[in-house]
Each structure stands twice: as C-alpha cells, then as structure tokens.
Amino acid sequence: MTGEPNTTTSNRTIIVTGTGTAEAPPDLLTISVGVECRRDSVGAAYADAGTASAAVSGALRRHGLADTDIRTSGLNVRPEFVWRDSGGQQVTGYVTSSMLTVRLRQVSAASAVIAAAVDAGGDDVRLNGLELGFSDESAVAALARDAAWQDASVKAEQFASLASARLGAVMSVAEHPDAPGPVPVARIQRAAASEAISVEAGHSGINASVTVVWELLD
C-alpha cells in the first residue's frame, strides 16, 4: 500500500515590531538665511533686498561654498498697512523678503561662515534656524536597522518562550522608513559678526523600525 506523505505545516505565527536608533557626528549643516527690507517705496525695498541678498551669497562663496549648495527658496514683496480712523486702511511702506537655503559641508567652520553672512547682509539679515544631518546617511541607517532587527529578535524570543514555543523561519519582513532626527534650533535674530555664535554639532540620529513575522513552532 502506498500513499502521500503525511505532513503538517504550522500556521501559528508571531508578529513583532522592533525599533532602533543609530547616532553619529553630523557632516552636513543646512541653514536658512533670510533678508527682509522695509522701505517707503516698493522699488527701494526690492532693490535693497537684492543688494543684501547678493552680499550674503558673495560672503558664502568666498568661504568656499559651491553654487549647488546655495539655493533661493523664497521671495515675497508686500505692502504694509495701518488703519486710521480718519482714512481707513493706508499703505505705510513696502517689505521685500527673500530666503536662501544653504548647505554647509564643513560643520566645524559653520560659526565663521554664518557670522560672515550676517555681517555681509547687515541689519536686514534674518537667521531662521538650522538643521544638522548627514550628506550620506546610508551607513548610519544600516546600523539603525541592525538595532531594530536585534530589538525585534529579542522580543520574539521572549514571547515564544512565554508561549512554550520556539521560533521557526522568518515569514516576512517589513521596514517602516523613518527620517533622520534633525536637531531643531530656535529662530535666531541678527547678532554682531564679531560675536559669532558657536555651533555645536554633537550627534544626530537616524531611527529605524521593522516588523517581522516568524513561524511559531511547538
């Protein structure tokens, strides 16, 4: 007598999500440098904003920044109004504002570069914050994934033990992408160039999250 082999496949699984973080010294600093000019006429406001913005860009290039790392990210021209009971809403002047997004690839030189940009633009310059990160985050992201996998494995082993079972083959893996953790900095108003603010790079982190499905064996 012959017949088909009698096989039994377990349909029990365990699903675990693991998280991990990897940190490293950042090698990229992105700053937002604005120019804001208030003048009596729209032409004067626009022209002076252009002059100040060009001065800031020139100072950045003199410190070695490439054209690809300096980008105009905003431009606005608007009137300013005041309400007077005798005449209603009246124009009191005009404001032109522009914004440069700048990438600094030498974080250690950031303080001097920022001070030079502020000094070049004068009282019309606004610093709107900065963000520290990585020019190539792949190596740090790989470490974060390793940590997330290890976290998921430890959890799965614990749950399997509690269920008087053991882990079998990995059935599926799903990664949940996460952005690098930027370092937030509050809005900074103009300071004298001779009083350059120190930029402390510290460490910046990347998070990873992974969901793994294991077969659960008796």
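Because only heavy atoms are used, hydrogens play no part in the values below, and waters and symmetry mates are left out as well, while side chains stay in.
Between D27 and R105 there is no salt bridge, since none of the side-chain N atoms of the basic residue sits less than 4.0 Å from a carboxylate O of the acidic one. Contact check on R39 versus D124 returns a salt bridge, with a Lys/Arg side-chain nitrogen under 4.0 Å from an Asp/Glu carboxylate oxygen.
Around the CG atom of D40, the shell of radius 6.0 Å holds no more than 12 heavy atoms that belong to other residues, nucleotides or ligands.
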Practice problem: I would like to know whether T211 and V16 meet side chain to side chain contact (heavy atoms under 4.5 Å, CB included); could you show each step before the answer? | Solution: CA-CA 6 Å; T211 297; V16 177; over 6 Å; no
Quiz item: Does the pair E23 and S204 meet the rule for a side chain to side chain contact (heavy atoms under 4.5 Å, CB included), with working shown?
Solution: CA-CA 5 Å; E23 294 186 347; S204 191; over 6 Å; no
Quiz prompt | Chi angles and distances behind the side chain to side chain contact (heavy atoms under 4.5 Å, CB included) call for T96, D48 | solution = CA-CA 9 Å; T96 297; D48 289 352; over 6 Å; no
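Taking hydrophobic clusters as Ile, Leu, Val, Met, Phe, Trp and Tyr residues chained together by side-chain heavy-atom distances below 4.5 Å, L28 does not share a cluster with L130. Residues V107 and V118 share a hydrophobic cluster, clusters being chains of Ile/Leu/Val/Met/Phe/Trp/Tyr side chains in contact below 4.5 Å. The cluster map of Ile, Leu, Val, Met, Phe, Trp and Tyr, joined by side-chain heavy atoms under 4.5 Å apart, puts I15 and V173 in different clusters. Note on W149: it clusters hydrophobically with I14, by side-chain heavy-atom contacts below 4.5 Å among ILVMFWY residues.
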Can I get a per-line list of side-chain donor-acceptor pairs under 3.5 Å for residues 155-172, giving both atom names and the distance, sequence neighbours left out?
from : atom 1 : to   : atom 2 : distance (Å)
K155 : NZ     : T17  : O      : 3.2
K155 : NZ     : D151 : OD2    : 3.2
R166 : NE     : D218 : O      : 3.1

Would you list the atom pairs, donor with acceptor, under 3.5 Å between side chains in residues 70-79 and any protein atom, with sequence neighbours excluded?
from : atom 1 : to   : atom 2 : distance (Å)
S73  : OG     : T101 : OG1    : 2.9

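Rounded to the nearest 0.5 angstrom, E36 CD and N128 CG are separated by 9.0 Å.
Evaluation of the salt bridge (charged side-chain N to carboxylate O under 4.0 Å, His left out) rule for E80 yields R38 as partners, not counting sequence neighbours. Remark: A141 pairs with R145, I206 by the side-chain contact (heavy atoms from CB on, under 4.5 Å) rule, at least two apart or across chains. Under the side chain to side chain donor-acceptor pair (under 3.5 Å) criterion, Q90 pairs with R84, not counting sequence neighbours. With sequence neighbours excluded, no residue satisfies side chain to side chain donor-acceptor pair (under 3.5 Å) with S41.
Of the possible donor and acceptor atoms, none in the side chain of S53 sits under 3.5 Å from a partner among the backbone N and O of A49.
Nearest heavy atoms, A22 versus L143: CB-CB, 3.7 Å.
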